[in-house]
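Structure first, then comments.
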Amino acid sequence: MKKPLIGITLDSEQPGGYSKFPWYAARENYCGAVARAGGVPLLLPHETELADRYLAAIDGLIITGGNFDVDPALFGAGDRHPTVHTKDRRTAFELAMTRGALTQDLPILGICGGQQLLHVALGGTLIQHIPDTIKGALAHEQANPRNEPGHTVAIKAGSRLRQIVGADSLAVNSAHHQAAADEPAGIVVNAVAPDGVIEGIEAPGRRFCFGVQWHPEFAISEGDVKLIAAFVAAASEGGKP
């Protein structure tokens with residue numbers, strides 16, 4: 001079976017640090033997790049006019065996380081929390097890729113901020129700042145390292161996620177201050193934190209369309225490994241010749 005080509009969206013940074021000019025970034029473990037699962041990782045620069053070309057080439061799409069937020073205007077919010085920080089060019093590109101992948105029914109895995117963007121692309125809305133919305137919220141921006149768990153999530157019985165990970169709960173890492181706020185038509189909430197924050201979504205009827213608020217590329221649990229393996233396997237089935 002041909003190894004599927006997996007498009008992975010990049011983060012973008014302004015001059016400073018690595019370069020005196022604008023630069024792209026991606027943690028190595030996004031690519032490593034895909035390669036270990038049998039896929040071929042391909043990093044995607046933010047050239048929105050090339051989205052159709054990218055979509056014609058790839059067999060699956062990973063929308064990554066980053067230290068920024070989806071513009072509240074994109075999900076109809078009339079206000080904008082002071083903590084919201086956007087990267088508009090990146091978001092425009094990722095929305096074009098996500099909507100194109102949805103149209104073609106390509107396998108999609110949204111991770112952390114990528115889950116939030118996928119949720120919005122599917123018609124959902126977001127909590128703009130968890131501490132101001134959820135009473136007694138957990139520390140969703142965990143203080144300990146990201147390669148350690150920050151809390152657990154309960155996996156919904158009967159969900160496709162439950163079938164993939166083979167467990168009713170997972171220990172996960174946590175690095176977000178926003179989250180999905182609802183469960184609109186076409187979306188099933190499949191994972192929830194102990195404080196009620198939505199941690200995972202899936203779109204039944206599609207080949208593979210999942211978003212998780214944690215970072216499975218760190219492989220904190222066997223469930224993380226199984227999730228990425230299932231995504232890559234879906235991308236290898238019915239892929240491009």
Side-chain angles (χ1 to χ4, degrees), residues 7-12 25-27 30 44 46 61-102 107-134 137-142 146 150-151 153 156 161 172-193 195-203 206 208-218 224 227 231:
I8 301 173
T9 64
L10 288 159
D11 199 2
S12 62
R27 270 187 285 99
Y30 282 115
L44 302 173
H46 304 161
L61 175 67
I62 290 179
I63 317 152
T64 63
N67 187 25
F68 72 105
D69 305 301
V70 176
D71 187 341
L74 292 171
F75 50 90
D79 60 349
R80 179 168 171 157
H81 195 275
T83 60
V84 169
H85 165 63
T86 64
K87 292 183 177 179
D88 296 337
R89 185 168 183 261
R90 173 178 175 172
T91 294
F93 172 72
E94 289 185 324
L95 274 175
M97 290 295 298
T98 301
R99 288 168 174 160
L102 289 168
I108 302 171
L109 177 58
I111 294 176
C112 196
Q115 186 248 34
Q116 295 163 19
L117 183 131
L118 175 62
H119 191 73
V120 171
L122 289 168
T125 62
L126 301 179
I127 294 171
Q128 292 193 42
H129 191 57
I130 292 169
D132 285 0
T133 305
I134 305 297
L138 298 171
H140 286 275
E141 294 185 279
Q142 69 185 52
R146 298 293 186 253
H151 61 77
V153 296
K156 182 177 181 179
L161 180 63
V172 301
N173 51 15
S174 194
H176 61 107
H177 78 109
Q178 297 198 322
D182 52 8
E183 190 176 17
I187 294 176
V188 169
V189 171
N190 57 21
V192 180
D195 58 4
V197 169
I198 294 171
E199 293 279 332
I201 60 171
E202 60 188 66
R206 293 184 176 274
F208 191 102
C209 185
F210 284 73
V212 293
Q213 196 59 76
W214 65 94
H215 285 270
E217 70 276 12
F218 279 96
D224 287 342
L227 177 60
F231 163 70

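Residue numbers start at 1 and run along the sequence shown.
- Between A181 and I198, the closest heavy-atom pair is C-CD1, 4.2 Å.
- Between H140 and S174, the closest heavy-atom pair is O-OG, 2.6 Å.
- In this structure, CG in L61 is found 9.5 Å from CD1 in I8, a value given to the nearest 0.5 Å.
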Full working for side-chain contact (heavy atoms from CB on, under 4.5 Å) between R27 and E217: CA-CA 10 Å; R27 270 187 285 99; E217 70 276 12; 3.0 Å; yes
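- Considering only heavy atoms from C-beta on, D224 stays 4.5 Å or farther from F218 through its side chain.
- You'll find the side chain of T83 stays beyond 4.5 Å of the side chain of Q178, heavy atoms only.
- Between the R206 side chain and the L102 main chain, a donor and an acceptor come within less than 3.5 Å of each other.
- Y30 and I111 make their closest contact through CE2-CD1, 3.9 Å (heavy atoms, listed as atom of the first residue, atom of the second, distance).
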Stepwise side-chain contact (heavy atoms from CB on, under 4.5 Å) test for W214 and Q115: CA-CA 9 Å; W214 65 94; Q115 186 248 34; over 6 Å; no
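- Distance check: I108 CD1 to F210 CZ gives 11.5 Å after rounding to the nearest 0.5 Å.
- In this structure, the side chain of D182 does not engage the main chain of P184 through any donor-acceptor pair within 3.5 Å.
- Looking only at distances, a side-chain donor or acceptor of T9 sits under 3.5 Å from a matching main-chain atom of T64.
- Scanning all heavy atoms of the two residues, the minimum distance from H85 to N67 falls at CD2-O, 3.3 Å.
- K156 is not listed as a side-chain neighbour of V189, based on a closest heavy-atom distance of 4.5 Å or more.
- Minimum interatomic distance between G110 and L118 (heavy atoms only, all atoms of both residues): N-CD2, 4.5 Å.
- Taking all atoms of both residues into account, the shortest heavy-atom contact from N190 to G200 is OD1-C, 2.8 Å.
- A distance-only check finds no donor-acceptor pair linking the side chain of R90 to the backbone of S12 [under 3.5 Å].
- Rounded to the nearest 0.5 Å, atoms CD (Q128) and CZ (F75) are 4.5 Å apart.
- Put simply, the side chain of Q142 reaches to within 4.5 Å of the side chain of N173, judged on heavy atoms.
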Worked verdict on H119 versus I187 for side-chain contact (heavy atoms from CB on, under 4.5 Å): CA-CA 8 Å; H119 191 73; I187 294 176; 3.7 Å; yes
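- Between the side chain of E199 and the backbone N or O of Q213, no donor-acceptor pair lies under 3.5 Å.
- Judged by distance alone, the side chain of D69 and the main-chain N or O of T86 form no donor-acceptor pair under 3.5 Å.
- Using a 4.5 Å cut-off on side-chain heavy atoms (C-beta onward), H151 and D195 make no contact.
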Derivation of the side-chain contact (heavy atoms from CB on, under 4.5 Å) call for H176 and I130: CA-CA 9 Å; H176 61 107; I130 292 169; 3.6 Å; yes
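- The distance from atom CD1 of I63 to atom OG1 of T98, rounded to the nearest 0.5 Å, is 3.0 Å.
- Rounded to the nearest 0.5 angstrom, D88 CG and F68 CZ are separated by 10.0 Å.
- Environment of CG in D79: crowded, with over 12 heavy atoms of neighbouring residues, nucleotides or ligands closer than 6.0 Å.
- In this structure, the side chains of R80 and D71 come closer than 4.5 Å at one or more pairs of heavy atoms.
- Between P72 and L126, every side-chain heavy-atom pair lies at or beyond the 4.5 Å cut-off.
- When side chains are defined from C-beta on, I127 does not count as touching V197, because their heavy atoms never get closer than 4.5 Å.
- Between the CZ atom of R89 and the NE2 atom of H46 there is a distance of 7.5 Å, given to the nearest 0.5 Å.
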